[in-house]
Number of protein chains: 2
Amino acid sequence: MNKTILVTGGDADMCRHIAMDYGFKRVVTPGDILVAYPSIWPYHQLNVFSDYYHSTSQRLPKPINLTNSFKPLKIDAIFVFNNPRDWALDSQVILDLLMSRKGLLGTVSEKNGNASLPNNGWQQDEQPKLFFSHSDLVWATTYHIPRLAQGGFQASLQGIWNAKTGGAVLERTVFGKPRAATFEYAERALNKHRAQMFRGSGHIEGKDKLLRVYMIGDNPESDIRGANEFRSTFGTEWISILVKTGVYQDGAGLAYKPRVVVNNVLEAVKWALNRERLRTLDNVELDG
Amino acid sequence: MNKTILVTGGDADMCRHIAMDYGFKRVVTPGDILVAYPSIWPYHQLNVFSDYYHSTSQRLPKPINLTNSFKPLKIDAIFVFNNPRDWALDSQVILDLLMSRKGLLGTVSEKNGNASLPNNGWQQDEQPKLFFSHSDLVWATTYHIPRLAQGGFQASLQGIWNAKTGGAVLERTVFGKPRAATFEYAERALNKHRAQMFRGSGHIEGKDKLLRVYMIGDNPESDIRGANEFRSTFGTEWISILVKTGVYQDGAGLAYKPRVVVNNVLEAVKWALNRERLRTLDNVELDG
């Protein structure tokens with residue numbers, strides 16, 4: 001937690017406060033960098049962003065290494081917590097760091113493009129690791145067509161990286177659905193909640209395992225895909241239910257097929273309860 | 001010129017005025033759309049852009065087709081004149097139009113993703129054509145490392161398009177270097193200027209052709225590549241000279257090799273003049 005991290009995402013410097021709540025002490029935003037070194041993004045004058053950044057930026061913990069300064073700013077990791085507001089600046093700053101020598105902003109690694117190194121030398125010089133909190137391409141809002149989400153920014157950065165490097169891999173870590181870690185965490189939380197619910201009731205006391213989880217989601221690429229692909233270490237079965245009130249809309253193709261498609265969350269819950277009731281009756285019959 | 005076009009690029013609505021100077025009568029910016037329909041980009045409240053857009057936006061010529069309105073807004077072409085300031089909004093609006101039915105903003109083409117159609121149905125439903133004024137990925141500014149230019153936005157849009165369509169072609173037209181049209185135009189302009197210079201001098205009067213053009217540029221991908229690849233219909237020879245005062249910096253690899261690399265424009269001019277002097281002497285000797 002003594003590392004210096006760059007964070008972006010959400011309105012103003014909301015991401016800074018999230019990172020500090022997580023325990024990071026030295027948190028820098030692209031806005032902090034722009035205010036300290038306006039020339040890093042040449043559209044800073046009389047433009048759309050200046051007032052915005054000046055109202056929330058904080059002083060950089062160290063200067064940027066523009067002129068071999070003594071103690072330059074070194075970024076150890078980059079976190080994208082949410083859809084950034086200023087994709088252009090954020091893309092430039094992240095690209096700069098991914099091309100830097102050891103995360104020293106203002107430097108350029110001599111390994112970049114060296115065909116004798118892995119990945120043609122890109123991201124081979126201790127550049128900061130890049131993290132995204134999720135990768136949903138779109139999300140449902142009040143607009144009737146889903147809007148680009150954080151995954152849109154990620155795809156945009158991928159496009160710039162492709163053009164800049166001639167198709168090198170963009171090494172990054174993505175959290176969130178459909179990745180298993182998210183489902184593992186959810187299952188742990190559900191088990192903990194379940195144990196608390198039944199504590200002292202004499203019925204369960206943690207000896208029975210959680211048999212089934214109904215995953216209700218609106219996004220086939222993350223919710224449904226994740227539930228379908230997840231293999232619980234406790235043998236818990238995950239059943240995916242797709243609702244039509246969000247990202248997914250009738251008529252769209254389905255690369256990841258849910259167990260069932262229903263109109264909304266209420267119908268999803270009814271479907272699951274009904275299915276459990278039938279299953280219980282089945283069990284009664286089987287037992288009987 | 002009676003078409004309705006979407007334009008973006010540059011500060012505020014500069015692109016609108018450029019388009020109107022070109023003779024377009026109905027010019028819409030992404031900001032106009034955002035102010036009329038804030039929900040199209042869900043980060044409009046209390047955010048970085050609202051004041052900016054409200055100060056320069058104009059009323060839309062027609063409403064957007066959100067609810068089968070009678071005379072919906074139809075966009076006939078999209079022009080990116082310069083590096084947009086708000087990549088996120090512009091990406092969303094351009095993506096919406098490229099996915100629409102016949103350029104009607106707010107609609108979604110049923111042909112999208114149809115594997116039985118060319119390009120899997122993408123851009124097969126009379127969507128507006130997409131034009132970029134150039135494709136330089138980076139440009140030289142006061143910052144010591146070149147900054148993302150309009151080509152950066154184009155690469156970003158390509159990345160989103162790849163993610164959205166699963167790798168369909170993004171059909172677009174790009175003007176500017178290294179494309180031949182730019183060099184043809186430059187050659188015509190040089191010939192016209194040359195004819196005017198020598199008019200009445202009795203020496204040339206347009207009967208001699210322009211033998212050589214020295215193309216001095218700082219960008220290997222556009223300036224040098226373009227000059228090297230251009231074949232003049234008049235047989236004029238184009239000679240590329242790369243200077244180190246801009247995008248190109250010592251040590252960077254050169255995918256497109258210039259005839260010579262010099263430090264700056266002054267040296268380039270001296271090199272060219274010297275070369276012409278030597279050539280003239282050669283000719284004298286040959287003639288003599």
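Just so we're on the same page: letters track the sequence lines, and every chain starts at 1. The figures here come from the full heavy-atom set of this structure, side chains too, leaving out hydrogens, waters and symmetry mates. These numbers come from a predicted model, not from an experiment.
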>> I'd like to know which of Ala155(A), Pro84(A), Ser156(A), Gly10(A) tops the heavy-atom pair count under 4.5 Å against chain B.
In response: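 The candidate making the most pairs under 4.5 Å is Ser156(A).
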Is the shortest side-chain heavy-atom distance between [X] and [Y] below 4.5 Å?
X: Ile40(A); Y: Arg147(B); answer: yes
X: Leu148(B); Y: Trp41(A); answer: yes
X: Trp139(A); Y: Pro42(B); answer: yes

> Does anything in residues 108-123 of chain B get under 4.5 Å of chain A by heavy atoms, and if so which residues?
Replying inline: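 Hits under 4.5 Å: Val108(B).
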>> With a 4.5 angstrom heavy-atom cut-off, is it the side chain or the backbone of Trp161(A) that approaches chain B, or both, or neither?
In response: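 Contact with chain B involves no heavy atom of Trp161(A) at all.
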> Non-hydrogen atoms of chain B under 4.5 Å away: do they reach the side chain of Leu137(A), the backbone, both or neither?
Replying inline: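 Interface part for Leu137(A): side chain.
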> For Phe132(B), what residues pass the ring-ring contact (aromatic ring centres under 6.0 Å, His included) criterion, not counting sequence neighbours?
Replying inline: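 Not a single residue meets the ring-ring contact (aromatic ring centres under 6.0 Å, His included) criterion with Phe132(B).
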>> Please enumerate all residues that pass salt bridge (charged side-chain N to carboxylate O under 4.0 Å, His left out) together with Lys129(A), with sequence neighbours excluded.
In response: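 If we apply the salt bridge (charged side-chain N to carboxylate O under 4.0 Å, His left out) test to Lys129(A), skipping adjacent residues, there are no hits.
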> Of all of Asn83(B), Thr142(B), Leu157(B), which one pairs up most often with chain A through heavy atoms under 4.5 Å apart?
Replying inline: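 Sorted descending by pairs with chain A, the first entry is Asn83(B).
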> When only pairs under 4.5 Å are counted, which of Leu95(B), Asp96(B), Asn162(B) shares the most heavy-atom pairs with chain A?
Replying inline: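 Ranked by contacts with chain A, first place is Asp96(B).
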> Among all residues two or more places apart in sequence or in another chain, which pass the side chain to side chain donor-acceptor pair (under 3.5 Å) test with Tyr248(B)?
Replying inline: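 Side chain to side chain donor-acceptor pair (under 3.5 Å) list for Tyr248(B), sorted by chain: empty.
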> Measuring from Trp87(A):CH2 to Ile160(B):CD1, what's the distance to the nearest 0.5 Å?
Replying inline: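 Those atoms lie 4.0 Å apart.
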